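Notes follow the structure.
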Amino acid sequence: MTDNIRRLYRHMDEPTREEALACLQKEFSVKNRKFVKNAWIIGGRIPEAYQSRIVDLLQNLVRKQATKDI
């Protein structure tokens, strides 16, 4: 599932990526946004319990981005 999360993150433009990081930080009460990016997204060390929710959030943000691009 971490590969799906990385793929979704790569398909985002920069403003959507920042929104995603802020959303994940708030959703899972993580203090450091860089930790979310470096450890979870890039490093692939996402807690198993969070993975399905992260996929849902990122999919919604990608859909939202696609509607803005039209």
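Values below: all heavy atoms of this structure, side chains included; hydrogens, waters and symmetry mates excluded. Fair warning: this is a prediction, and the values are worked out from it, not measured in the lab. Sequential numbering from 1 along the given sequence is applied to the chain's residues.
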**Message:** Does anything in residues 30-50 form a salt bridge (charged side-chain N to carboxylate O under 4.0 Å, His left out)? List the pairs, not counting sequence neighbours.
**Reply:** E18-R33
**Request:** Go through the steps to decide whether M12 and V62 satisfy the test side chain to side chain contact (heavy atoms under 4.5 Å, CB included), and finish with yes or no.
**Result:** CA-CA 6 Å; M12 295 178 178; V62 168; 3.9 Å; yes
**Prompt:** Are any of the side-chain heavy atoms of Y9 and L21 separated by less than 4.5 Å?
**Reply:** yes
**Request:** Can you measure from CD1 (I54) to CD (E27) and round to the nearest 0.5 angstrom?
**Result:** 9.0 Å
**Request:** Ignoring hydrogens and angles, tell me if any N or O in the side chain of Q65 forms a donor-acceptor pair with the backbone of D13 under 3.5 Å.
**Result:** yes
**Asked** What are the two closest non-hydrogen atoms of I46 and W40, and how far apart are they?
**Response** CG1-O, 3.3 Å
**Prompt:** Looking at I5 and Q51, what are the two nearest heavy atoms and their distance?
**Reply:** CD1-O, 4.0 Å
**Request:** May I ask whether F28 and F35 are part of the same hydrophobic cluster, defined by side-chain heavy atoms of I, L, V, M, F, W, Y residues being less than 4.5 angstrom apart, directly or through others?
**Result:** yes
**Request:** Could you tell me the separation between the CZ atom of R6 and the CG atom of L58, rounded to the nearest 0.5 Å?
**Result:** 12.5 Å
**Prompt:** Between I41 and L24, is any pair of side-chain heavy atoms under 4.5 Å apart?
**Reply:** yes
**Item:** Minimum heavy-atom distance L57-C23, with the two atoms named
**Value:** CD2-SG, 4.0 Å
**Message:** If the condition is salt bridge (Lys or Arg N to Asp or Glu O under 4.0 Å), which residues does D56 pass it with, not counting sequence neighbours?
**Reply:** none
**Prompt:** OG of S52 to CG of N4: how many Å apart, nearest 0.5 Å?
**Reply:** 12.0 Å
